[in-house]
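In what follows, a single structure is set out as structure tokens and then discussed.
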Amino acid sequence: MPKLGVNIDHVATLRQARGGVEPEPVLAASLCEAAGCDSIVSHLREDRRHINEKDLYILRKTIRTRLNMEMSIAKEIVGIALKVRPDEATLVPERRKELTTEGGLDCVKYGREISEVVHKLRQKGIVVSLFIDADRKQIDAATKTGAEFLELHTGEYANAKDNHVRQTQLKKLVEATEYTIRSGLRVNAGHGLNYSNVSAVAKIEGIEELNIGHSIISRAVFVGLDRAVKEMLALIR
Ligand code: PXP
């Protein structure tokens with residue numbers, strides 16, 4: 001049974017829409033924890049479109065579970081991560097114009113750069129995870145970077161328009177999970193998971209944590225954060 005990490009960035013997105021102080025992402029994090037989630041995920045983007053450094057420092061002080069900082073390998077962001085010292089860092093690719101993280105990291109092309117960042121973070125005691133596509137070449141390259149976890153990108157599964165494609169993508173996730181564990185790494189998964197597609201992924205043997213943001217925060221608008229998190233936990237469990 002995987003754990004649940006809740007990404008609270010969308011609460012900050014709403015705050016930024018008016019440039020004021022509400023809704024407060026730090027309060028959202030503590031409500032998610034009270035509802036039973038296992039970690040809080042937050043992505044400090046280079047353009048600061050939602051979470052900023054101040055949020056991160058407060059989250060670091062107030063979170064009682066674990067703080068998983070999603071981040072690119074840009075020098076400035078790595079410097080901040082080394083100061084904030086999240087429990088876990090998930091390295092993701094980042095393009096300014098994207099609406100959300102679009103694909104996995106390219107560990108084949110950027111293996112050396114990624115390894116250097118992994119090394120720096122691990123030296124500070126931060127557990128490092130790499131967000132990658134469910135692809136053997138990427139897994140092989142990721143294995144050489146020194147990261148402890150891989151987060152498998154579930155976007156293609158989640159966005160599948162028909163059942164055949166969805167089942168094919170699910171199979172890829174199952175195989176990639178097995179292959180990653182055989183290669184000596186641990187597995188998380190996330191992106192695009194929601195109340196109707198999460199169960200099949202939650203059943204994959206070996207996945208330790210699912211990181212979910214958009215669907216939970218969207219549902220919270222109607223039912224509240226406490227219920228939105230608890231409903232997701234019930235589906236996962
Ligand atoms: N995992 C990673 C690495 C992500 O970049 C994101 C999006 O920020 C998520 C999980 C959560 O995705 P979603 O908001 O679609 O649930």
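Both counts, for ligands and for their atoms, begin at 1 and track the order of listing. Just so it is clear, the model here is predicted, and its values are computed rather than measured. Quick note: residue numbers are just sequence positions, from 1.
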Should His43 be counted as touching ligand 1, given the test is an N or O pair under 3.5 Å?
no
Output yes when the distance from some N or O of ligand 1 to some N or O of Gly192 is under 3.5 Å, and no in every other case.
yes
Look only at the side chain of Arg15 and the backbone of Glu22, and say whether a donor-acceptor pair between them is shorter than 3.5 Å.
no
Thr13 side chain vs Asp9 backbone, donor-acceptor pair below 3.5 Å
yes
Could you list who else is in Phe149's hydrophobic cluster, with ILVMFWY side chains joined at under 4.5 Å, directly or through other members?
Val127
Cluster membership besides Val21, Ile/Leu/Val/Met/Phe/Trp/Tyr side chains within less than 4.5 angstrom, sorted by chain and number, is none
Specify side chain, backbone, both or neither for Glu151, according to which of its non-hydrogen atoms lie closer than 4.0 Å to ligand 1.
side chain
Classify the ring geometry of His10 against His214: parallel below 30°, tilted from 30° to 60°, perpendicular beyond 60°.
perpendicular
Element-labelled atoms of ligand 1 that are located less than 4.0 Å from some non-hydrogen atom of [X]:
X	answer
Asn7	8 (O)
Asn211	10 (C), 11 (C)
Val92	3 (C)
His214	13 (P), 14 (O), 16 (O)

Does Ser215 reach ligand 1, in the sense of a heavy atom lying below 4.0 Å from it?
no
Flag for Asn68-Ser39: side-chain donor and acceptor within less than 3.5 Å:
no
Just to be sure I'm reading this right: ignoring hydrogens, which of Glu70, His10, Arg45 gets closest to atom 6 (C) of ligand 1? Compare them by their nearest heavy atoms.
Glu70
For atom 16 (O) of ligand 1, which of the options Gly104, Gly213, Gly155 provides the nearest non-hydrogen atom?
Gly213
What are the two closest heavy atoms between Pro23 and Val11, and how far apart are they?
CG-O, 3.5 Å
